[in-house]
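Please read the structure below before turning to the comments.
In the text below, chain A, chain B and the rest are named by the order of the sequence lines, each starting its count at 1.
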2 protein chains.
Amino acid sequence: MASKEPALRPTEAECKILDVIWNKKTATVRDVFEDLSQRQTIGHTTVLKFMQIMTDKGLLVRDTAVRPQVYRAARPKQETQQGLLRSLLDRAFRGSPGDLVLQALTMQRSSPEEIDEIRKLLDEMEAGSHK
Amino acid sequence: MASKEPALRPTEAECKILDVIWNKKTATVRDVFEDLSQRQTIGHTTVLKFMQIMTDKGLLVRDTAVRPQVYRAARPKQETQQGLLRSLLDRAFRGSPGDLVLQALTMQRSSPEEIDEIRKLLDEMEAGSHK
DNA sequence: TGATGTTGACGAAGTCCTTCGTAGATTGCC
DNA sequence: GGCAATCTACGAAGGACTTCGTCAACATCA
């Protein structure tokens with residue numbers, strides 16, 4: 001039975017699976033299992049169980065018509081990421097994205113390309129708010 | 001018995017308590033309880049229990065000499081925030097702070113002051129990486 | 001010093017997260 | 001059709017998170 005709420009806050013293990021599916025667009029249990037196995041020891045049925053739970057929660061949708069059932073993310077990657085970000089923001093940054101951004105930037109060197117892109121975005125934001 | 005690991009990933013409920021203590025610098029159980037009570041219904045002993053657990057985990061330290069025991073954060077706010085950020089980064093952003101920053105910025109309008117500050121930081125980062 | 005209110009320690013219950021083991025269903029091939 | 005391999009469902013166990021209830025220790029002040 002699927003829940004009505006879209007479940008915007010996947011748990012840690014769920015994130016690992018989502019990450020694989022985001023990359024592949026669609027995936028079978030085997031696909032995900034083989035991908036994750038390269039980085040950690042995990043059982044095939046464990047992956048399956050998670051994907052079933054995630055389908056119940058509304059994080060994934062699956063096509064049961066084809067035989068190795070094919071799963072997709074129910075919501076776009078960006079939307080889920082934003083849900084997680086908002087959660088972190090509310091939790092630990094008193095809702096201030098500026099603080100979070102500063103911390104994220106100082107934490108780890110970003111590539112020059114990323115820096116440029118961020119600059120561009122800042123410009124757009126400022127232009128957009130000058131109305 | 002305190003753990004050796006510094007426990008850089010407080011849970012959701014622990015974050016709420018940390019947030020209060022970050023603001024007050026030091027706090028008794030009663031202080032935290034009264035603060036949190038304004039926003040949610042929570043029992044006094046629940047808060048106490050969390051603060052005891054958090055002390056065990058190494059998130060808080062306390063002075064048992066004074067009678068209403070006084071608690072402080074064991075680590076600076078910034079350090080804990082970075083731990084949480086890193087966790088989110090690893091979880092859902094494939095370790096790319098740039099993506100996370102972009103999402104955070106698009107998510108919610110930042111103030112012009114924040115935007116300026118971010119620009120300044122970007123300049124510094126670029127200057128610093130020009131070796 | 002004893003009644004009263006506050007503070008602290010402990011234990012326990014309920015839920016959620018994570019992980020499998022087992023066993024039934026389906027498919028592909030000879 | 002029958003067998004082997006794969007895929008799916010179900011249930012359960014262990015641990016972590018969250019929340020309290022209870023009771024003991026302590027402080028206060030009349």
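- For Ile42(B), the listed nucleotide lying nearest its side chain is dC20(D); candidates were dC20(D), dT8(D), dC20(C).
- Atom CZ of Arg91(B) and atom C1' of dC17(C) are 11 Å apart (whole Å).
- Summarising the geometry, the separation between CE on Met54(A) and P on dA9(D) is reported as 15 Å, rounded to the nearest angstrom.
- Side-chain proximity of Thr45(B) to the nucleotides dT8(D), dT19(D), dT22(D) is greatest for dT22(D).
- Salt bridge status for Lys24(B) with Asp35(B): present, with a side-chain N to carboxylate O gap under 4.0 Å.
- For the pair Phe33(B) CZ and dG5(C) P, the computed distance is 17 Å after rounding to whole Å.
- Here dT18(D) is the nucleotide among dT18(D), dA9(D), dT27(C) with the atom lying nearest to any side-chain atom of Ile53(B).
- Taking every side-chain heavy atom of Phe50(B) into account, dT18(D) is the closest of dT27(C), dA9(C), dT18(D).
- Considering only side-chain N and O atoms, Lys57(A) lies under 4.0 angstrom from the phosphate OP1 or OP2 of dC17(C).
- Across the protein-nucleic acid pair, Asp56(B) atom CG and dC10(C) atom C1' stand 12 Å apart, rounded to whole Å.
- The separation between Leu48(A) atom CG and dA23(C) atom P is 17 Å, rounded to whole Å.
- Shown here is Arg62(B), whose CZ atom has more than 12 heavy atoms of other residues, nucleotides or ligands within 6.0 Å.
- Rounded to whole Å, atom C1' of dT15(C) lies 14 Å from atom CD of Glu12(B).
- Rounded to an integer number of Å, the gap from Gln69(A) CD to dT6(D) P is 17 Å.
- With distances taken from any side-chain atom of Lys49(B) to the nucleotides dC20(C), dT19(D), dC17(C), the minimum falls on dT19(D).
- By the 4.0 Å N-to-carboxylate-O rule, Arg119(A) lies close enough to Asp116(A) to be salt-bridged with it.
- Of all nucleotides listed (dA9(D), dT19(D), dA12(D)), dA9(D) comes nearest to the side chain of Gln52(A).
- With rounding to whole Å, His44(A) atom NE2 is found 16 Å from dA5(D) atom P.
- Judged purely by atom type and a 3.5 angstrom limit, Thr45(A) has no side-chain atom pairing as donor or acceptor with the backbone of Leu48(A).
- Nearest nucleotide to the Thr11(B) side chain, out of dT18(D), dT26(C), dC20(D): dT18(D).
- The number of heavy-atom neighbours closer than 6.0 Å to CD of Glu34(B), taken from other residues, nucleotides and ligands shown, is above 12.
- Distances shown here put every side-chain N or O of Arg30(A) at or beyond 4.0 Å from the OP1 or OP2 atom of dT8(D).
- For Thr46(B), taking side-chain heavy atoms from C-beta onward, the closest of the listed nucleotides dC17(D), dT26(C), dT19(D) is dT19(D).
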